[in-house]
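Working notes, structure below.
Quick note: numbers below take in every heavy atom, side chains included, and nothing from hydrogens, waters or symmetry partners.
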Amino acid sequence: MLKLEKDSNSRNVSVIKDALGHNVVMINDIIFRGKRGIKWIDVEEYLRQYVGEFYTIAETNEVVYIGTDLPDEYAHSEYTHILKGANEKAKANAAQGLPELIIIATNMEHTDNSKAKHKKDAKYGWYKYESRFALPVFAGDGEVERYNVFHVAMILRHDKDGKKYLYDIMNIKKETSDLFQSEDLTQ
């Protein structure tokens with residue numbers, strides 16, 4: 001666990017509780033930005049640092065592995081290609097908090113695999129978990145004005161080797177509630 005703490009500090013990521021006591025992964029740096037869209041090849045390269053790592057979901061005690069397929073799927077999936085604007089930037093920057101997003105994941109749902117192309121890599125089906133993260137919105141003077149909070153579905157594939165692997169994050173939705181106030185972050 002010390003390794004995760006060291007890595008999360010160097011990535012400027014932490015887990016806090018919102019006003020209702022729910023976990024939120026705070027991602028304090030926007031490292032992927034672009035006026036004409038995200039350079040997904042850079043996100044893919046960034047994600048390679050996680051390959052071979054594994055993390056445990058606190059709620060279910062399930063171990064989730066990061067396989068060699070994650071960087072490509074995350075950066076080039078059909079879902080990623082349809083993203084625009086804030087959701088595109090949110091998915092790109094969520095890459096910084098993947099370990100913490102896995103750890104705080106909740107609300108597991110299982111579905112059987114129905115596609116022949118995933119006969120081996122998702123032999124035992126798919127798992128969907130929910131997670132949340134926040135990204136800063138900066139004012140013109142460079143100070144943090146507020147945080148946007150996003151809800152995400154984390155998709156895991158249950159491989160023929162019996163392990164669960166993070167496959168992608170999808171269904172990114174910006175939360176509209178005002179439960180998350182920037183002044184709460186200093187406490």
Side-chain angles (χ1 to χ4, degrees), residues 1-9 11-29 32 43 46-75 77 79-80 83 87-113 118 121-135 147-159 161-177 179-180 185:
M1 192 64 172
L2 289 175
K3 182 178 187 287
L4 177 61
E5 289 173 9
K6 178 180 181 264
D7 288 348
S8 66
N9 289 339
R11 289 182 285 116
N12 200 4
V13 174
S14 59
V15 177
I16 66 163
K17 299 231 182 248
D18 68 10
L20 294 177
H22 300 120
N23 288 324
V24 178
V25 176
M26 293 292 303
I27 300 169
N28 294 300
D29 293 326
F32 298 110
V43 177
Y46 180 88
L47 289 167
R48 291 188 206 292
Q49 72 179 308
Y50 297 124
V51 172
E53 299 290 326
F54 59 91
Y55 307 95
T56 303
I57 297 172
E59 183 177 89
T60 61
N61 231 15
E62 292 286 340
V63 175
V64 177
Y65 294 84
I66 307 297
T68 57
D69 60 331
L70 176 69
D72 180 61
E73 184 64 31
Y74 190 99
S77 68
Y79 178 74
T80 301
L83 292 174
N87 285 350
E88 181 183 29
K89 289 178 183 174
K91 182 173 183 179
N93 285 289
Q96 300 171 78
L98 284 182
E100 292 81 7
L101 284 166
I102 292 169
I103 291 166
I104 71 162
T106 61
N107 300 328
M108 178 194 74
E109 291 180 24
H110 175 264
T111 56
D112 292 328
N113 180 46
H118 292 296
D121 68 353
K123 179 177 181 176
Y124 300 112
W126 300 91
Y127 289 83
K128 179 179 88 170
Y129 282 86
E130 296 175 17
S131 203
R132 296 170 67 221
F133 65 96
L135 295 172
Y147 283 81
N148 284 337
V149 179
F150 296 87
H151 180 269
V152 65
M154 303 195 72
I155 308 302
L156 312 180
R157 61 180 179 80
H158 196 170
D159 196 276
D161 67 7
K163 296 178 181 176
K164 294 181 179 115
Y165 293 87
L166 180 61
Y167 187 71
D168 200 2
I169 66 169
M170 302 175 69
N171 303 338
I172 297 169
K173 301 218 180 338
K174 183 178 164 191
E175 293 186 6
T176 57
S177 72
L179 293 172
F180 196 80
L185 300 176

Which value, rounded to the nearest 0.5 Å, describes the distance between Ile16 atom CD1 and His22 atom NE2?
13.5 Å

Write down the atom of Asn107, the atom of Glu59, and the distance for their closest heavy-atom approach.
N-OE1, 3.0 Å

Interatomic distance, CG@Leu101 vs CZ@Arg132, rounded to 0.5 Å, equals 11.0 Å

Distance, nearest 0.5 Å, that separates CG of Asp159 from OH of Tyr165:
5.0 Å

With sequence neighbours excluded, what pairs up with Asn23 under the side chain to side chain contact (heavy atoms under 4.5 Å, CB included) test?
Val15, Lys17, Ile104

Are any side-chain N or O atoms of Tyr124 and backbone N or O atoms of Gly162, one a donor and one an acceptor, separated by less than 3.5 Å?
no

Between Phe32 and Ala92 the two heavy atoms that sit nearest each other are CD1-O, 3.3 Å

Minimum heavy-atom separation for Ala153 and Asn171, please, with both atom names.
CB-ND2, 3.9 Å

Under 3.5 Å, is there a donor-acceptor pair linking the side chains of Tyr147 and Asn28?
yes

Show, in sequence, the C-alpha distance, side-chain angles and deciding distance for Val25 and Val13, and conclude whether the side-chain contact (heavy atoms from CB on, under 4.5 Å) test is met.
CA-CA 7 Å; Val25 176; Val13 174; 3.6 Å; yes

I'd like to know whether Lys163 forms a side-chain contact (heavy atoms from CB on, under 4.5 Å) with Val63, so could you lay out the CA-CA distance, the side-chain angles of the two residues, the decisive distance to 0.1 Å, and finally the verdict.
CA-CA 8 Å; Lys163 296 178 181 176; Val63 175; over 6 Å; no

Is there a side-chain contact between Arg11 and Pro99 in this structure, where contact means two heavy atoms from C-beta onward sitting under 4.5 Å apart?
yes

Of the non-hydrogen atoms in Lys91 and Ile169, which two are nearest, and what is the gap between them?
NZ-O, 3.3 Å

For Ile27 and Ala94, which heavy atoms make the closest approach, and how far apart are they?
CD1-CA, 3.8 Å

Quick check: are there more than 12 heavy atoms from other residues, nucleotides or ligands sitting under 6.0 Å from OH of Tyr79?
yes

With sequence neighbours excluded, what pairs up with Thr111 under the side chain to side chain contact (heavy atoms under 4.5 Å, CB included) test?
Trp126

Nearest heavy-atom pair of Tyr50 and Gly97: which atoms, and what distance?
OH-N, 4.4 Å

Do Glu73 and Arg157 sit within salt-bridge range, that is, some charged N less than 4.0 Å from a carboxylate O?
no

Going by side-chain contact (heavy atoms from CB on, under 4.5 Å), Leu135 matches just one of Val149, Asn93, Asp29. Which one?
Asn93

Quick one: CD1 on Ile57 to OH on Tyr129, what's the gap to the nearest 0.5 Å?
4.0 Å

With the side chain counted from C-beta on, respond yes when Glu100 and Tyr55 share a heavy-atom pair under 4.5 Å apart, and no when they do not.
no

Could you give the distance from NZ (Lys173) to NE2 (His151), rounded to the nearest 0.5 Å?
9.0 Å

For Ile102, which of Leu156, Thr56, Val64 qualifies under side-chain contact (heavy atoms from CB on, under 4.5 Å)?
Val64

Gap separating the CG atom of Leu98 from the OH atom of Tyr74, nearest 0.5 angstrom
5.0 Å

